[in-house]
Amino acid sequence: MADMTDLHVPEKPSLDGLEDKWIAVWDEQGTYRFDRSKSREEIYSIDTPPITASGSLHVGHVFSYTHTDLVARYQRMRGREVFYPMGWDDNGLPSERRVQNYYGVRCDPSLHYDPNFRPPAGGEGKATRPQDQIPISRQNFVELCDQLTAEDEKAYADVWRRLALSVDWSDPYRTIDRRSTAISQKAFLRNLARGEAYQAEAPSLWDTTFRTAVAQAELEDRERPGAYHRIAFHKADGPVYIETTRPELLPACVALVAHPDDERYQPLFGTTVRTPLFAAEVPVVAHHLAEPDKGSGIAMICTFGDLTDVTWWRELQLPTRAIVGMDGRLLPDPPAGVDAAAYARIAGKTVHSAREEVVAMLRESGEMEGDPKPITHPVKFYEKGDKPLEIVTTRQWYIRNGGRDTTIRDALVGRGREIDFHPAHMRVRYEHWVEGLTGDWLISRQRFFGVPFPVWYALDDEGNPDHDKPITPDESALPVDPSSDAPPGYDESQRGKPGGFIGDPDVMDTWATSSLSPQIAGGWTFDDDLFGRVFPMDLRPQGQDIIRTWLFSTVVRSHFEFGTVPWNNAGISGWILDPDRKKMSKSKGAVVTPISLFEEFGSDAVRYWSASARLGTDAAFDTGQMKIGRRLAIKLLNASKFALGLGVTQPDLSAVTHPLDRALLVRLADVVETATLAFDRYDHTRALEATETFFWTFCDDYVELVKERAYGERGEAQQASAKATLAIALHVQLRLFAPFLPFVTEEVWSWWQEGSVHRAEWPTLADVAVDEGEARLLGLVGDALSQVRKAKSEAKVSMRTDVASVVISADNDAVALLQSAGDDLRSAGRIADLQFATAGDGELAVRVTL
RNA sequence: GGUCCUAUAGCUCAGUUGGCUAGAGCGCGUCGCUUACAACGACGAGGUCGCAGGUUCGAGCCCUGCUGGGACCACCA
């Protein structure tokens, strides 16, 4: 047992400096270091979201990462060894764009590596138009990405430490590092070997700015102005009118389509018509997707205007007349069957200019009826792009995801049901997404900064690649870069030569790598001992917006590779909304940096605000809540200082004899139980609320009531009971608060305890077990005290004014209870004469005479 | 067109399987420098629980419909 000399209570406790102090101590003592000798059952593993470190953190990140840390700290105190890694998602388009804008450069894959290249000084105001940017080789560009993201990651890590995320910082991973690249390539090769990954040449959605294919999950609709153009097609006995928003695709028209039951067009089915301007003969076909009440009820099918065109083209086995190139301009040469002179007027133009020209041509020829009718309609965009997507036929890599296969789809829906979502209704989003998939997962991107596909293609004698038999490396050779490494059985001199080889030029989409975050963090195939101890993981924390991408794709990879779910729980955080109820990251609030909040309110206070919001619920950005958190932290310092200053030593249940003390511990037992159950259900707000409510009662009522007794004014045994109870209550409350307020609880803990509170045992009923006790007593005495205070308040006198007499009337049981704590009530209220009376109705009534 | 969430005090939110006069904090008002805390404390005012029906002895909670707010999916001729 410690004595007074072991106490280190400061004269004037303060929050100032606590953060730097404890961050350093935790670092030095390895407080959050993961002990990998523990078994799977003893470990709690977390699939931390690898954050995109290109740009700056905002309060939404602080909010959701705090939620994860609450769980980590709770589980650690419960005795689980917590595997809580940190990762950076630094591969992919956001990093490329950051480098382009920061240095004013762009990647030109045709250039050779310049080992002496030095980038211009980074900063704002660099050229953003491609023609103004400095062209550099792919390798130089990747190096810049690598360097800049590493710098950004340092800044992020500082924020995370200041927020007190209890991650093990010894081995953060990066999705672009060699090991992540190797794991990503290995997982892909295994998908390929099992037939889960495949290559196909097919029409796919294409972003003409970034010049890459994009996946279904990355699409978003935006309302754009457009116009219906009513255009005449020709048949022997007169015109057939169609309406289109994309007249420039007329040369790409391969058929007209109407609903099979549409009486108006029955006679046309099986005949052909001639396209205006471009004079191609196209068939009129029937398909159930054609909608009779849309436009004129008959539509032109182009290759390709939209996804419905692709469906029609595929199901009706129509020919292809592609006219839009990868750069978003019309191809130089007309497709077969199209009038070359007419096409020459639009060849090479952008889609936009071509549309204007075709409209002008239609006006000249009189084949457009009336003026275009302006409308607003949804258009598909890449979520990071700013030009409408086109559909271009390209060779791409896919991973099966149930989009074209009900067996896989059902299996993946089933996997979703094995995961406990918090809150539970988030599973619906998963299921709807899986059930609504229309195609497999397109994972290839025609970009530079990403994981390259680890495949090469043999060239035949004429130099044509054989895409059907990709050459793959041995797993032991990974990672490979097929643009600089030669495939097995070849040497570099054969690159690009007939009879030689070429490397696959594409990189994987960032989700194809981040979908392996459990494998990367756990060291799959690099450290199988570790992997076996942490996988499948316990928790995937993430935002609701990426259920369809990150969550789903991780399930897909785990399902194929291991036949399991990747984790048993998914904790979904909500959004931060600004005062106008708009998503914070999209508004002015985004300029409030986390560091400035830490400086103004303290990290504990910011954590308190985050912890006040439940999983899955959007929360208002509310500095008021941070002020409350700050006040709570200060109160914890002061109350602890006072209790310890009374000569409180160490918890000792056997000394607790007084009825009021027993009542407090019975109440505290309830709090411990509530908080524990709540945390087990991933309901941190309830745990916090129960703890906080108790704490204020403890401060405002209990401490006031036992002050004199604790000073020793009613004998040693009574004093010992009060001091023991204060010690127990403090000891338990500090631990209950520790996940929420790690700095201040650690500070107070250090005043009188050994080791870190964050490695202390989570409190249990054994900490507060008293033989008998009436929790009700605490409330009764508190009410009585409150009535006495009210009388003083109404008389406008100080709370330390003496009271002549107080008469409390209540039922027999209540009176008996109150009498057992009468001395404490008398001293706290400064009551000279305290009397009790029995009242039949059971109402507590307090008559105060000043 | 479909789906999910949501509506409780001026504000931010609790309110467990339906159960006495609906709670907290902030803000507001009044009072008090009391040796843990004035960066504080005490006390108080403030709500026909979005609207309309229904089930029930009893509904903030369950059911139906409507309205408002938020989000997602589908629709692109």
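Per chain, numbering begins at 1; letters A, B, ... match sequence-line order.
Applying the salt bridge (Lys or Arg N to Asp or Glu O under 4.0 Å) definition to pairs two or more places apart or across chains, those involving residues 284-297 of chain A are E291(A)-K294(A). Sorted by first and then second residue, the pairs that involve residues 783-801 of chain A and meet salt bridge (Lys or Arg N to Asp or Glu O under 4.0 Å), not counting sequence neighbours, are D701(A)-R789(A). Applying the salt bridge (Lys or Arg N to Asp or Glu O under 4.0 Å) test to residues at least two apart or on different chains, the pairs with a partner in residues 606-616 of chain A are D69(A)-R607(A).
The phosphate of A24(B) (OP1 or OP2) has no side-chain N or O of T693(A) nearer than 4.0 angstrom. For K790(A) and G44(B), the shortest distance from a side-chain N or O to OP1 or OP2 is below 4.0 Å.
Between the side chain of D618(A) and the backbone N or O of W575(A) there is at least one donor-acceptor pair closer than 3.5 Å. Judged by distance alone, with hydrogens and angles left aside, the side-chain atoms of S603(A) form no donor-acceptor pair with the main-chain N or O of F598(A) at under 3.5 Å. With hydrogens and angles ignored, the 3.5 Å screen pairs a side-chain donor or acceptor of D604(A) with a backbone N or O of F743(A).
When the C1' atom is compared between U8(B) and C61(B), the two are found 11 Å apart, to the nearest whole Å. As rounded to the nearest Å, C57(B) and A52(B) have C1' atoms that lie 23 Å from one another. Comparing C49(B) with C13(B), their C1' atoms are spaced 14 Å from each other, to the whole Å. Taking the C1' atom of each, A45(B) and G1(B) are spaced 49 Å apart, rounded to whole Å. Nucleotides U56(B) and C75(B) place their C1' atoms 44 Å apart, quoted to the nearest Å. Comparing the same atom, P, in G68(B) and in C31(B) gives a spacing of 47 Å after rounding to whole Å. A14(B) sits 15 Å from U6(B) when the C1' atoms are compared, rounded to a whole Å. A distance of about 7 Å separates the C1' atoms of C63(B) and U55(B), rounded to the whole Å.
Residue-to-nucleotide proximity on RNA chain B shows that, of Q625(A) and E291(A), the 5′-proximal contact is made by Q625(A). Both K12(A) and L289(A) lie close to RNA chain B; mapped to their nearest nucleotides by heavy-atom distance, the more 5′-ward contact belongs to K12(A).
In this structure, E11(A) atom CD and C37(B) atom P are separated by 11 Å, rounded to whole Å. Taking atom CD of E692(A) as the reference point, atom P of G25(B) lies 9 Å away to the nearest angstrom. Atom-to-atom, CD1 of I628(A) to C1' of G27(B) comes out at 10 Å; the value is rounded to the nearest Å.
For residues 367-377 of chain A, proximity to RNA chain B is found at H377(A), defined as any non-hydrogen atom under 4.0 angstrom from a strand atom. Using a 4.0 Å cutoff on non-hydrogen atoms, the parts of residues 422-433 of chain A near RNA chain B are H425(A), V428(A), R429(A), H432(A), ordered by number. RNA chain B lies under 4.0 Å from at least one heavy atom of each of the following residues of residues 219-227 of chain A: D221(A).
D683(A) and T685(A) are linked by a side-chain donor-acceptor pair at a separation below 3.5 angstrom, with hydrogens and angles left out of the test.
Checked against C37(B), C76(B), C75(B), the side chain of T308(A) finds its nearest nucleotide in C76(B).
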Find every protein N or O atom lying less than 3.5 Å from an N or O atom of nucleotides 31-35 of chain B, and list the pairs.
{"from": "U34(B)", "atom 1": "OP1", "to": "R800(A)", "atom 2": "NH2", "distance (Å)": "3.4"}

For nucleotides 14-19 of chain B, give me every protein contact, N/O to N/O, under 3.5 Å, one pair per line with atom names.
{"from": "A14(B)", "atom 1": "OP1", "to": "R614(A)", "atom 2": "NE", "distance (Å)": "2.8"}
{"from": "A14(B)", "atom 1": "OP1", "to": "R614(A)", "atom 2": "NH2", "distance (Å)": "2.3"}
{"from": "A14(B)", "atom 1": "O2'", "to": "E689(A)", "atom 2": "OE1", "distance (Å)": "3.2"}
{"from": "A14(B)", "atom 1": "O2'", "to": "E689(A)", "atom 2": "OE2", "distance (Å)": "2.9"}
{"from": "U16(B)", "atom 1": "O2", "to": "R686(A)", "atom 2": "NH2", "distance (Å)": "3.4"}
{"from": "U16(B)", "atom 1": "N3", "to": "R686(A)", "atom 2": "NH2", "distance (Å)": "2.8"}

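R246(A) comes within 4.0 angstrom of no nucleic acid atom, judged by non-hydrogen atoms across all strands.
Geometric assessment of R230(A) against the ring of Y241(A) yields a positive cation-pi assignment under the 6.0 Å and 45° thresholds.
Residues satisfying the side chain to side chain donor-acceptor pair (under 3.5 Å) test with R847(A), not counting sequence neighbours, are none. Looking at residues two or more places apart in sequence or on another chain, you find a salt bridge (Lys or Arg N to Asp or Glu O under 4.0 Å) between K707(A) and E704(A). Partners of R222(A) under the side chain to side chain donor-acceptor pair (under 3.5 Å) rule, at least two apart in sequence or in another chain, are E220(A).
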Checklist entry - Given the rule that a pair is Watson-Crick or G-U wobble with both distances under 3.5 Å, how would you write RNA chain B in dot-bracket, using | for pairs to a different strand? => result (((((((..((((.....[...)))).(((((.......))))).....(((((..]....))))))))))))....
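The aromatic rings of W609(A) and F621(A) sit perpendicular, their planes meeting at an angle over 60°, well past the 30° parallel limit. Between F694(A) and F698(A), the ring planes are parallel. Angles under 30° get that label, and only those over 60° would be called perpendicular.
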